[in-house]
Amino acid sequence: MTAQIIDGKAVSVKCLDKIAAEVAKRTAENKRPPCLAVILVGDNPASHVYVRNKKNACEKVGFRSLSYEKSADFSEAELLALINELNNDDTVDGILVQLPVPDHIDSQKIIERIRPDKDVDGFHPYNIGRLAVKMPLMRPCTPKGVMTMLAEYGIDVKGKNVTIVGQSNIVGRPQALEMLMNRATITVCHTATKDLPAEVGRADIVVAAVGRPNCIKGEWIKDGAVVIDVGINRLENGKLCGDVEFATAREKASYITPVPGGVGPMTIASLLENTLEAAKLHDK
């Protein structure tokens with residue numbers, strides 16, 4: 001068996017085309033285009049790439065985008081004041097602070113300062129809480145993108161055993177809630193998990209989100225399983241790879257996401273979907 005590739009880039013293009021059509025319709029109805037404000041503090045090279053990709057995506061779909069790039073010594077108080085300003089700006093629909101932030105800034109305090117209806121990353125405790133009680137508002141982007149990809153490929157998670165490797169607030173935990181909301185049976189693995197190969201090996205769907213290159217061995221994958229690799233890691237030779245041994249896993253899985261070109265593009269598409277939904281909430 002050789003797994004079918006889940007082409008996240010192609011799915012994201014479909015999502016962006018749909019968003020662009022809705023923005024054009026809004027314009028025809030004399031409604032303002034959605035507006036996304038992105039804040040970047042520091043000079044993390046990867047963060048600069050992510051922010052540039054998000055701005056480019058905004059341009060493609062007709063969003064208005066605002067960019068605030070601050071030096072690494074930008075204080076927590078200054079960042080909170082900027083978020084307050086954007087919270088109170090009725091022309092701004094979404095606020096995104098690119099993580100990670102420098103060590104002198106409390107990222108959780110920053111996340112909680114963003115108004116929940118403008119929290120297009122979906123990280124605010126209010127939004128995570130709504131997801132937990134099956135009343136989602138702003139859904140965390142990467143897990144939302146994973147569910148969109150699975151649906152696009154006709155992969156129904158209902159009744160499936162899903163193993164999620166990684167318990168971060170950004171991916172692992174909200175991914176578990178997304179799967180649970182769709183009636184999957186979930187296992188979340190972490191550093192205290194006693195037998196990771198066994199947990200992975202019994203899964204119908206594996207979601208890898210730990211950020212360690214090739215840490216999930218292809219031989220662990222059950223025959224016919226679906227593999228979603230959220231990890232994106234740069235090796236010493238400059239190449240990118242995921243958390244799963246791709247070549248070996250592909251020979252056992254039925255579907256698998258590549259790195260790059262899998263989950264990454266869907267994260268940005270989901271961000272723009274959230275921003276459009278926020279704009280609809282703010283329509284007057």
Side-chain angles (χ1 to χ4, degrees), residues 1-15 45-46 49-50 53 140-157 160-168 170-176 178-179 184 186-191 193 195-270:
M1 175 186 296
T2 299
Q4 180 177 344
I5 296 295
I6 298 177
D7 189 342
K9 188 172 183 180
V11 178
S12 73
V13 168
K14 290 181 67 174
C15 293
V49 172
Y50 296 146
N53 290 343
C141 296
T142 298
K144 181 177 186 288
V146 168
M147 302 310 291
T148 301
M149 279 196 305
L150 291 173
E152 181 68 23
Y153 278 80
I155 301 168
D156 187 2
V157 307
K160 301 286 176 53
N161 289 321
V162 177
T163 294
I164 300 164
V165 186
Q167 61 157 349
S168 74
I170 294 173
V171 181
R173 290 171 184 260
Q175 188 70 74
E178 288 277 1
M179 291 292 183
I186 56 171
T187 299
V188 180
C189 299
H190 40 71
T191 54
T193 298
D195 191 348
L196 182 59
E199 298 294 350
V200 171
R202 67 187 184 85
D204 302 310
I205 300 172
V206 177
V207 181
V210 287
R212 296 208 314 270
N214 301 316
C215 66
I216 296 175
K217 306 307 177 186
E219 65 194 37
W220 299 352
I221 304 300
K222 182 171 77 171
D223 289 343
V226 175
V227 177
I228 305 295
D229 195 345
V230 179
I232 182 163
N233 311 285
R234 190 171 296 279
L235 301 175
E236 290 182 3
N237 61 11
K239 291 184 177 181
L240 295 176
C241 74
D243 292 346
V244 180
E245 284 185 340
F246 180 84
T248 311
R250 190 180 181 190
E251 296 306 310
K252 300 194 72 175
S254 57
Y255 292 88
I256 191 169
T257 59
V259 177
V263 176
M266 290 305 304
T267 299
I268 293 178
S270 298

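Given the structure is predicted, the values throughout are model-derived calculations rather than measurements. If you read the sequence from its start, that first residue is 1, and numbering goes on from there.
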Full working for side chain to side chain contact (heavy atoms under 4.5 Å, CB included) between Asp229 and Ile256
CA-CA 8 Å; Asp229 195 345; Ile256 191 169; 5.9 Å; no
Could you check if a side-chain atom of Val11 sits within less than 4.5 angstrom of a side-chain atom of Tyr153, using non-hydrogen atoms only?
yes
In Å and rounded to the nearest 0.5 Å, what is the CG to CZ distance from Asn214 to Phe246?
11.5 Å
Ignoring hydrogens, what is the shortest heavy-atom contact between Cys189 and Thr163? Give both atom names and the distance.
SG-CG2, 3.7 Å
If you round to the nearest 0.5 Å, how far is CE of Met179 from CE of Met147?
4.5 Å
Where is the tightest heavy-atom contact between Pro265 and Gly8, given as atom of each residue plus distance?
CB-O, 4.0 Å
Min side-chain heavy-atom separation Val200-Ile221 under 4.5 Å
yes
Under the 3.5 angstrom rule, does the side chain of Lys252 hit a backbone N or O of Ala225 as a donor-acceptor pair?
no
Write down the atom of Ile216, the atom of Ala208, and the distance for their closest heavy-atom approach.
CD1-CB, 3.5 Å
May I ask you to test the Val146-Gln175 pair for a side-chain heavy-atom distance under 4.5 Å?
yes
Do Met149 and Val263 have side chains that approach each other closer than 4.5 Å (heavy atoms only, starting at C-beta)?
yes
Please tell me if the side chains of Val157 and Glu178 come closer than 4.5 Å, counting only heavy atoms from C-beta onward.
no
Between CG on residue Asp243 and CZ on residue Arg212, distance to nearest 0.5 Å:
8.0 Å
Please tell me if the side chains of Arg250 and Ile5 come closer than 4.5 Å, counting only heavy atoms from C-beta onward.
yes
Looking only at heavy atoms, the pair that brings Val227 and Ala253 closest together is CG2-CB, 3.9 Å
Flag, side chain of Ser168 to backbone of Val171, donor-acceptor distance under 3.5 Å:
yes
Nearest-0.5 Å distance that lies between atom CD1 in Ile170 and atom OG1 in Thr142:
8.0 Å
Roughly how far apart are Thr2 OG1 and Glu251 CD, rounded to 0.5 Å?
4.0 Å
Could you tell me the separation between the CG atom of Leu150 and the OH atom of Tyr255, rounded to the nearest 0.5 Å?
10.5 Å
Over all atoms of both residues, closest heavy-atom pair of Gly242 and Asn233:
O-ND2, 3.1 Å
Shortest non-hydrogen contact from Val188 toward Gly166
CG1-O, 3.8 Å
Using a 4.5 Å cut-off on heavy atoms from C-beta on, say whether the side chain of Ile155 contacts that of Ile6.
yes
So do the side chains of Thr187 and Asn161 get within less than 4.5 Å of each other, counting heavy atoms only?
no
For Leu235 and Cys241, run side chain to side chain contact (heavy atoms under 4.5 Å, CB included): C-alpha distance rounded to whole Å, both residues' side-chain angles, the deciding distance at 0.1 Å, then the answer.
CA-CA 7 Å; Leu235 301 175; Cys241 74; 3.7 Å; yes
